[in-house]
Student: 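Following this message is one structure expressed as structure tokens.
Bear in mind the structure is a predicted one, so any value in this text is a computation, not a measurement. First the proteins, then the strands, lettered A, B, ... as listed; each starts at 1.
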2 protein chains.
Amino acid sequence: MSLATNAADQPTLYKRIRADIEKRILTGEWPPGHRIPFEHELVARYGCSRMTVNKALSELAQADLIERRRRAGSFVRRPQHLSAVLKIADIRAEIIALGRSYGYELIGRKLRAATAADRDRLGVKKAGKVVAINCRHSADNVPFAVEDRLINLSSVPNAATADFSREPPGSWLLHHVPWTEAEHTISAIVADDRTAEALNIAVGAPCLVIDRYTWRSARTITAVRLLYPGDSHRLVARFKGG
Amino acid sequence: MSLATNAADQPTLYKRIRADIEKRILTGEWPPGHRIPFEHELVARYGCSRMTVNKALSELAQADLIERRRRAGSFVRRPQHLSAVLKIADIRAEIIALGRSYGYELIGRKLRAATAADRDRLGVKKAGKVVAINCRHSADNVPFAVEDRLINLSSVPNAATADFSREPPGSWLLHHVPWTEAEHTISAIVADDRTAEALNIAVGAPCLVIDRYTWRSARTITAVRLLYPGDSHRLVARFKGG
DNA sequence: CACGATCATATGTCTAGACATATAAGTCAA
DNA sequence: TTGACTTATATGTCTAGACATATGATCGTG
């Protein structure tokens, strides 16, 4: 019976159900915490058996996109299942997890029309407004990292009015812009005068550089460069497979 | 009827099937390319319906542990689905992928009983033999990275007789020891005299350091430290999720 | 109000079938 | 030998049920 609805479909039904739900999550229509329809509701909507819906939801749960709770339903998960490398997205959380006291200091914040350099850095073509932020993170009152960030206001208009004097922009973004993709580039430099002063290390000391570029559904969110003292910091990534 | 076999089990049947197969793959009993039993054979062995074994196999396929081919069967996959950060496990493949000519040079190779330092580095308690290898990778005849590696012969006895004068140990291991887990630690240093000479860079130039520790099923395989010129190398990792 | 016991319900797992579909393998002709 | 056609088969998807189980809600009691 339900095969009727499957007549002109290219993908199979359970994949369509999965894709439908995934799309609503990724576009933010169903934000983290949102309860997605019960299985029996989806059964009614798609006119299929429960096993079909269950397969779609199971795969979404396996991908950590949703969390399934008996008796309660299925809920969109908060994106907290990141690999260790990405977890440094929230430096505050990282430092607190290490049991050290976290310190944050906003050095500069500018709202401006995107310059050519800004557009290049964000990988966007059209002009628009951006926020440029400079700040410093510390652990136990020792400089931990300096951050140089650009936020694309076309994608995240709220960031124009967010108060970054108390909350670090990485944490703010993590809570306001869920489900992004990111690309990291890791390299090493030696500290120049400015960096050495900001990190309280010697000029010429090694620094770890992390450039992260973040987007959601083809919209650039933010570009950030983080500088860590190279001898004191460790990025740990653990993988399974080959 | 099949519920009878499920009587004293803690995990559910499909999870047990999945775990059974996963174990044989991870221990190497079923190497890459091996055809695992057909669904109908597993149905007979576990006395359950096909949907149950199908669920187990589908999850293994989703985890990229096996590949399913219609009419042919299901096969253990070669571990080639690594994240970008881990892909540097095979520097030769990385350089060739960049379209550059790969060069390899074995600097030193020692077979010895594990010293206290070796055991500490490998994270093993019992004494045993190890191979210590020093080598250099180059791209277009320019030094690309120097490698300092320790292989635990208790886990990989074959490595004692492998010819590392032509094949880099990372590539050799990748082809002889499938399905490992790894932990990376990334940091930055400045080049000392020896490093500077090996990489043909200036003393005091920044270097990216990657320490990788690899194991399989609680058995340590190898520990390696890679040094890259920090200004010329880029580690790129791309993630999906928050 | 706090705390247990009970109940309702959504998910978790499973069955014994079914038809669809891709494809390895065999068959036959050019 | 090679290419085209046929066939057998393993996986892919789906159904309409079933019972198990965890847990949010509700209700009653001290």
Student: Could you check which of C:dA18, C:dA10, D:dA10 has an atom nearest any side-chain atom of A:Phe38?
Tutor: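 Among C:dA18, C:dA10, D:dA10, the one nearest the side chain of A:Phe38 is C:dA10.
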Student: Among D:dA10, D:dC14, D:dT13, which is the nearest nucleotide to the side chain of A:Thr52?
Tutor: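 Ranking D:dA10, D:dC14, D:dT13 by closest atom to the A:Thr52 side chain puts D:dC14 first.
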Student: Could I get the full list of salt bridge (charged side-chain N to carboxylate O under 4.0 Å, His left out) partners for A:Arg121, not counting sequence neighbours?
Tutor: A:Asp148
Student: Can you measure A:Met51 atom CE to C:dA18 atom C1' for me and round it to whole angstrom units?
Tutor: 14 Å
Student: Any pair with a residue in residues 158-169 of chain B that passes salt bridge (charged side-chain N to carboxylate O under 4.0 Å, His left out), sequence neighbours left out, goes on the list, sorted by first then second residue, please.
Tutor: B:Arg92-B:Glu167
Student: May I have the list of side-chain donor-acceptor pairs in residues 51-60 of chain A shorter than 3.5 Å, sequence neighbours left out?
Tutor:
unit_1	atom_1	unit_2	atom_2	d
A:Asn54	OD1	A:Ser58	OG	3.2
A:Asn54	ND2	A:Glu39	OE2	3.0
A:Ser58	OG	A:Asn54	O	2.8
A:Glu59	OE1	A:Arg18	NE	2.8
A:Glu59	OE1	A:Arg18	NH2	3.4
A:Glu59	OE2	A:Tyr14	OH	3.3

Student: Could you tell me which residues satisfy side-chain contact (heavy atoms from CB on, under 4.5 Å) with B:Ala160, sequence neighbours excluded, listed by chain and number?
Tutor: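 Checked B:Ala160 against side-chain contact (heavy atoms from CB on, under 4.5 Å); matches are B:Leu111, B:Leu153.
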Student: With A:Asp120, which residues qualify under salt bridge (charged side-chain N to carboxylate O under 4.0 Å, His left out), at least two apart?
Tutor: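 Once residues adjacent in sequence are excluded, A:Asp120 has no partner under the salt bridge (charged side-chain N to carboxylate O under 4.0 Å, His left out) criterion.
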Student: According to a strict under-4.0 Å criterion, is A:Lys55 in side-chain N/O contact with OP1 or OP2 of D:dC14?
Tutor: no
Student: Check whether any side-chain N or O of B:Lys15 sits under 4.0 Å from OP1 or OP2 of C:dG12, and answer yes or no.
Tutor: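 Checking C:dG12 against B:Lys15, no side-chain N or O comes under 4.0 Å of OP1 or OP2.
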Student: By nearest atom, which of the nucleotides C:dT11, D:dT11, C:dA16 is closest to the B:Glu39 side chain?
Tutor: D:dT11
Student: For DNA chain D, determine which residues of residues 67-74 of chain B have any heavy atom closer than 4.0 angstrom to one of its atoms, and list them numerically.
Tutor: B:Arg68, B:Arg69, B:Arg70, B:Arg71, B:Gly73, B:Ser74
